[in-house]
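All remarks here apply to the structure that follows.
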Amino acid sequence: MADFDIVIIGSGPAGYVGAIHAAQRGLKTACVVVENELGGTCLNVGCIPSKALLHASEVLAAFKEEGKEWGLSQPNVEIDFPTMIKRKDEIVKKLTTGIGYLFKKNKIETLSGFGTFIDKETLQVGDRKVTAKNFIIATGSTPTPLPGLNFDGSKVISSTEALSLPNLPKKLLVVGAGVIGLELGSFYSRLGVEIEVIEFLNRITPEYDDDISSVFMRILEKQGLKFNLNSKVISGSVKADGVILQVETKEGIKEFSGDHALVSIGRKPFTDGLGLEKAGVRVSNQGFVEVDGIFKTSNSNIYAVGDVIGGAMLAHKGSHEATVAIDHILGKKSTMKYGAVPGVIYTSPEVASVGASEKDLKAKGVDYKVVKFPLAANSRYVAIGGKDPCFVKYLVCKKTKRLFGASMIAPHAGELIGEPTLAISQNLTLDALAHTIHAHPTFLEALHEAAMGSIFDFYHL
Ligand code: FAD
Ligand code: NAI
């Protein structure tokens, strides 16, 4: 008889949410947890610590930039960087302790250590050999290094070190203008650090529509971030006091120096030491664990979810995949709606999207309509003194008025995106959104206006 019904390897948002879901449905569940990693990347070195730091710096920036105008005057706001980092660590501790509590409450056994398959049915964790009716691999991802310039944890750093620097640097080179580069670049920029972003494409945030990316870049430039697009790092050298990068640009080779280089060019699946070959689990050419529609791997007793299977590397996507996989193990039908997975960039203003982009729709030859509404015409935005060219945008089916996608650059976009996510997930039309009463004054009214305006167009043009 197997030791457990389910053993989940990894305790990030895919692993710990899956473990709780399984245990609450009566399955004898264990979770393999590396020391000090309960909560995985998300809680320890990802979503939570980055948002804790971003919040502190956002308050500072608002106070410094708008304070006088608001009638708040304090000429000498001091930055106590070690306290900021300490507060972030305390928040992480509070939340990881909470997961430990939930594990106990739900009688989930913690198997402490690193899990390695030794054959198709057995996982070794420390000295213990464990069997289970089903295993779920939720081992996440790690930062991708720059070819030829490995992470050294001090000068050439990943997001992990950038969240816990011992001192505030003077200048930070950020390689990659994606989500991590722009969130952490914004954080340090607000604390007065000079930020030089090096991105090899001709735009930032490539997965967003062009109009969002270009407005976003203008806003970040106004905040002080410097961008070098079409720029490729060709080599780098580490010195005692910093790092120098040689970068190929349209104008020729340029040299950039800084205290650190934050390399944020994507993340790769974490499968090292997992013994996938012995378990008979296949991986793709990029190293992601291959799964079918219900997250089963090439070994029918082993499932995989979260960052390790690829797709959008987002906490909520991994968590939901885990619950869907467990529902299938329990014989219940459950599906993953990838068209309704929101993504958010927690800069100021925030940027968010859900569903199809214009590029997706054009590639499919779909007939769609673009509806935009500027935040400048939203009373709440005016009330907070918003000055950026923020807007919300819907992509709507011309025939059915169903929502294909939404994207926005707006204060609290990470909260606002919930409305179009629900609409897409439940196949709602713009009528449903237009006929829903929204509180006043709220940023949500911008989405309501977009829906109303669009309906007006549909009916009257
Ligand atoms: P992980 O969270 O990576 O957890 C996997 C765990 O398994 C890790 O602790 C790993 O060490 C462990 N593990 C690996 N191999 C083994 C083994 N053999 N045995 C035992 N344990 C093992 N996403 C969002 O949705 N919102 C955000 O705001 C956000 N911010 C982010 C900010 C940063 C700086 C970073 C780096 C990421 C951020 N992400 C965010 C992405 C998010 O953190 C990941 O998508 C999410 O953590 C993936 O969850 P997971 O459970 O698949 O893997
Ligand atoms: P990313 O995929 O978001 O962005 C990487 C950027 O680096 C791209 O713009 C790409 O063109 C560029 N790039 C790639 N190779 C390069 C090179 N050699 N030189 C210069 N530029 C190069 O990856 P990032 O920012 O590292 O984030 C990793 C993952 O973490 C993302 O997939 C994201 O989903 C997740 N994450 C999510 C957050 C959120 O939801 N708010 C926050 C932070 C991370």
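All ligand and atom numbering here is 1-based and tracks the order in the structure. Just so you know, these numbers come straight off a predicted model, no measurement behind them. Note that these values count all heavy atoms, side chains included, but never hydrogens, waters or copies made by symmetry.
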### Query
What part of Leu314, side chain from CB on, backbone N/CA/C/O, both or neither, has a heavy atom under 4.0 Å from ligand 2?
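Within the 4.0 Å criterion, Leu314 contacts ligand 2 through side-chain atoms alone.
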
#### Entry: Shortest protein heavy-atom distance from atom 9 (O) of ligand 2, along with the residue and atom involved
Glu199 OE1, 2.6 Å

### Query
Where's the contact between Lys317 and ligand 1, heavy-atom distance under 4.0 Å: side chain, backbone, both or neither?
neither

### Structural part of Phe114 in contact with ligand 1, heavy atom criterion under 4.0 angstrom
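It is both parts that get close, each with some atom under 4.0 Å.
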
### Query
Lys337 versus Gln426: any side-chain heavy-atom pair under 4.5 Å?
yes

### 4.5 Å side-chain heavy-atom contact, Lys333 and Thr335
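No, side chains not in contact.
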
### Query
Mind checking whether Ser50 has an N or O less than 3.5 Å away from an N or O of ligand 1?
no

### Query
Can you find an N/O atom of Leu163 closer than 3.5 Å to an N/O atom of ligand 1?
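No, since none of the N or O atoms of Leu163 sits under 3.5 Å from an N or O of ligand 1.
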
### Task
Identify, with sequence neighbours excluded, every residue that meets side-chain hydrogen bond (donor to acceptor under 3.5 Å, both in side chains) alongside Thr323.
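side-chain hydrogen bond (donor to acceptor under 3.5 Å, both in side chains) list for Thr323, sorted by chain: empty.
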
### Query
Under the 3.5 angstrom rule, does the side chain of Ser158 hit a backbone N or O of Pro143 as a donor-acceptor pair?
no

### Summary
Taking only non-hydrogen atoms of Val45 and a 4.0 Å limit, the atoms of ligand 1 in range are 34 (C), 36 (C)

### Query
Would you say Lys232 contacts ligand 2, with heavy atoms under 4.0 Å as the rule?
no

### Query
Under 4.0 angstrom from ligand 2, any heavy atom of Ile198?
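Ile198 counts as a contact of ligand 2 under the 4.0 Å cut-off.
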
